[in-house]
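As structure tokens, the structure follows; a few thoughts come after it.
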Amino acid sequence: MRIVILGAGQAAASMAARLRAKGHDGPLTVIGDEAAAPYQRPPLSKAYLLGEMALDRLTLRGPEWWTDQRIDLRTGERALSIDRAARTVTTDAGVHEYDALALALGAAPRRLPAAMGGDLPGTHVIRNLADVDALAPAMQAGRNLVVIGGGYIGLEAAAVARKLGLNVTLIEAAPRILGRVAAPETADMIRDLHRAHGVEILEGTGIAAIEGADRATGVHLTDGRGIPADIVIQGIGVLPETALAGAAGLALDDGIATDAQGRTSDPAIWAAGDCASFATPAGRMRLESVGNAIDMAECVAENMLGADRDYAPKPWFWSDQFDAKLQIAGIGAGHDRIVTRAGQGDHAGSVWYFRDGRLIAVDALNDARAYMIGKRLIEAGRSPDPDAIPSAPDLKVLL
């Protein structure tokens, strides 16, 4: 069986490794449009941007591994179209035949429209190596940075910039930061952390335009204020990469739609990672995280070889900001009760999400113990008494 994987990120690398580990001995090709071999993305906005991690430490597998595993890794090659009838993929370098095709195409960062200055020189997004390599030289102490967007990427960029000595203003159009992904109690801890480090945060504040003629010089707000900027980072979310799948006539639904096993509307084509939405008993879901990219890709690899196994996500996430680590287990959407627990030291604590008396998620800032215990409880399907959490002398009693 000839297997082709489009995309060369975390999901693609994990899928290729699992296919070989589970006995696939046929031709295996991985095609990515970036020049670099598959690498870790999370450190890009943190250690790599700070200059604390070199490219060789980002790389997921060395060149010899791909050779030893007899995987044809093709970097710097862009997929142009999929012919489902002929079972071929056309790229800018030729045509590849497949018996099974996997789409691990990831997601692309949103930008403000060009009419609002979204593509002016001096404006940046953070998604891939090229983005960060373009941004890093501009991150010089004393410069003014405006970050648009109060999600994790925007907050991580703001933290790095302050550590590098820039003056940072973060603007969030929604009433508060992390509005889409975390409870107000978590947002309060993160806001306090940033303000303690000198980040100015403006919430409930819209952007009228990024100003500048030849390059960005400031941001004009909808309330009439203007904020000077030497650099603007747009951290306003991502969109799943679906153009190739859509042009091939595959079903789309908040990403490339798959069944519970990762199979698209064409039984010869599979999808995994940020680009894929998958069926679960609770409804369709799409997760943007390293954990999901690895776990779903490995499940899909096994199903391509006949495992017939539904993907059961165990969501976990993390975000490093300043010297603090936010760790998240589960998904808090749809909660009806929040319980908080103070942590040890400054900027530490945990937020516990319940729905119908069941623990569904935990956010832990500088509290690895709360994260680990919460994660174990969620994955075991066990729920502690919410009233016991704030005052328990040791969280282990919850187990």
Side-chain angles (χ1 to χ4, degrees), residues 5-7 9-12 14-15 18 41 82 84 100-110 127 151-153 174 178-183 236-304 306-318 328-336 353-356 358-363 375 378-379 381:
I5 301 172
L6 295 184
Q10 182 75 67
S14 299
M15 189 182 296
R18 183 55 63 101
R41 292 190 190 276
I82 299 167
R84 292 166 52 195
L101 174 66
L103 306 179
L105 297 165
R110 295 174 182 264
R127 182 66 185 178
Y152 291 122
I153 285 291
L178 301 177
R180 209 170 50 87
V181 293
I236 53 176
V238 298
L239 292 169
E241 289 280 15
T242 60
L244 203 62
L250 298 177
L252 306 179
D253 186 351
D254 183 31
I256 302 167
T258 77
D259 63 13
Q261 297 187 3
R263 190 182 292 103
T264 72
S265 53
D266 181 328
I269 303 178
W270 307 73
D274 289 5
C275 70
S277 69
F278 52 92
T280 77
R284 186 158 292 279
M285 180 181 292
R286 187 174 66 83
L287 296 173
E288 299 166 7
S289 74
V290 170
N292 176 68
I294 295 170
D295 294 347
M296 187 178 184
E298 291 181 346
C299 181
V300 167
E302 294 178 17
N303 288 333
M304 292 171 85
D308 195 32
R309 175 166 70 90
D310 286 358
Y311 175 49
K314 297 178 180 178
W316 56 273
F317 315 85
W318 82 94
I328 301 162
I331 295 177
H335 67 273
D336 54 27
Y353 300 72
F354 288 82
R355 181 172 62 230
D356 298 328
R358 183 169 64 91
L359 179 67
I360 57 172
V362 174
D363 299 341
K375 188 171 187 286
I378 293 164
E379 292 179 358

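All of these numbers come straight from a predicted model, not from anything done at the bench.
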Which residues pass the side chain to side chain donor-acceptor pair (under 3.5 Å) test with [X], not counting sequence neighbours?
| X | value |
| --- | --- |
| Glu302 | Arg18, Arg309 |
| Asp356 | none |
| Arg358 | none |

Taking side-chain contact (heavy atoms from CB on, under 4.5 Å) as the test, write out the residues that go with [X], two or more places apart.
| X | answer |
| --- | --- |
| Pro240 | Thr242, Arg286 |
| Ile378 | Ala329, Leu359, Val362 |
| Ala174 | Glu172 |
| Ala361 | Tyr353 |

Exercise: identify the closest heavy-atom pair between [X] and [Y]:
| X | Y | result |
| --- | --- | --- |
| Trp316 | Lys375 | CB-CE, 3.9 Å |
| Gly334 | Arg355 | O-CD, 3.0 Å |
| Asp363 | Ala183 | OD2-N, 4.4 Å |
| Met304 | Ala100 | CE-CB, 3.8 Å |
| Ala12 | Ala104 | N-CB, 4.0 Å |
| Met15 | Ala297 | CG-O, 3.8 Å |

May I have the list of side-chain donor-acceptor pairs in residues 267-277 shorter than 3.5 Å, sequence neighbours left out?
{"unit_1": "Asp274", "atom_1": "OD2", "unit_2": "Arg127", "atom_2": "NH2", "d": "2.7"}
{"unit_1": "Ser277", "atom_1": "OG", "unit_2": "Asp253", "atom_2": "O", "d": "2.6"}
{"unit_1": "Ser277", "atom_1": "OG", "unit_2": "Arg284", "atom_2": "NH1", "d": "3.2"}

Measuring from [X]:[atom1] to [Y]:[atom2], what's the distance to the nearest 0.5 Å?
| X | Y | atom1 | atom2 | answer |
| --- | --- | --- | --- | --- |
| Asp295 | Glu298 | CG | CD | 6.5 Å |
| Asn303 | Met296 | CG | CE | 9.5 Å |
| Phe278 | Thr264 | CZ | OG1 | 15.5 Å |

Problem set entry | Contact check, side chains of Ile331 and Leu287, non-hydrogen atoms, under 4.5 Å | yes
Problem set entry | side chain to side chain contact (heavy atoms under 4.5 Å, CB included) between Leu103 and Leu250, worked out | CA-CA 11 Å; Leu103 306 179; Leu250 298 177; 3.9 Å; yes
Which residues satisfy the salt bridge (charged side-chain N to carboxylate O under 4.0 Å, His left out) test with [X], sequence neighbours excluded?
| X | value |
| --- | --- |
| Asp259 | Arg263 |
| Asp266 | Arg84 |
| Arg41 | Glu34 |

For this session: Could I get the full list of ring-ring contact (aromatic ring centres under 6.0 Å, His included) partners for Tyr152, not counting sequence neighbours?
Result: none
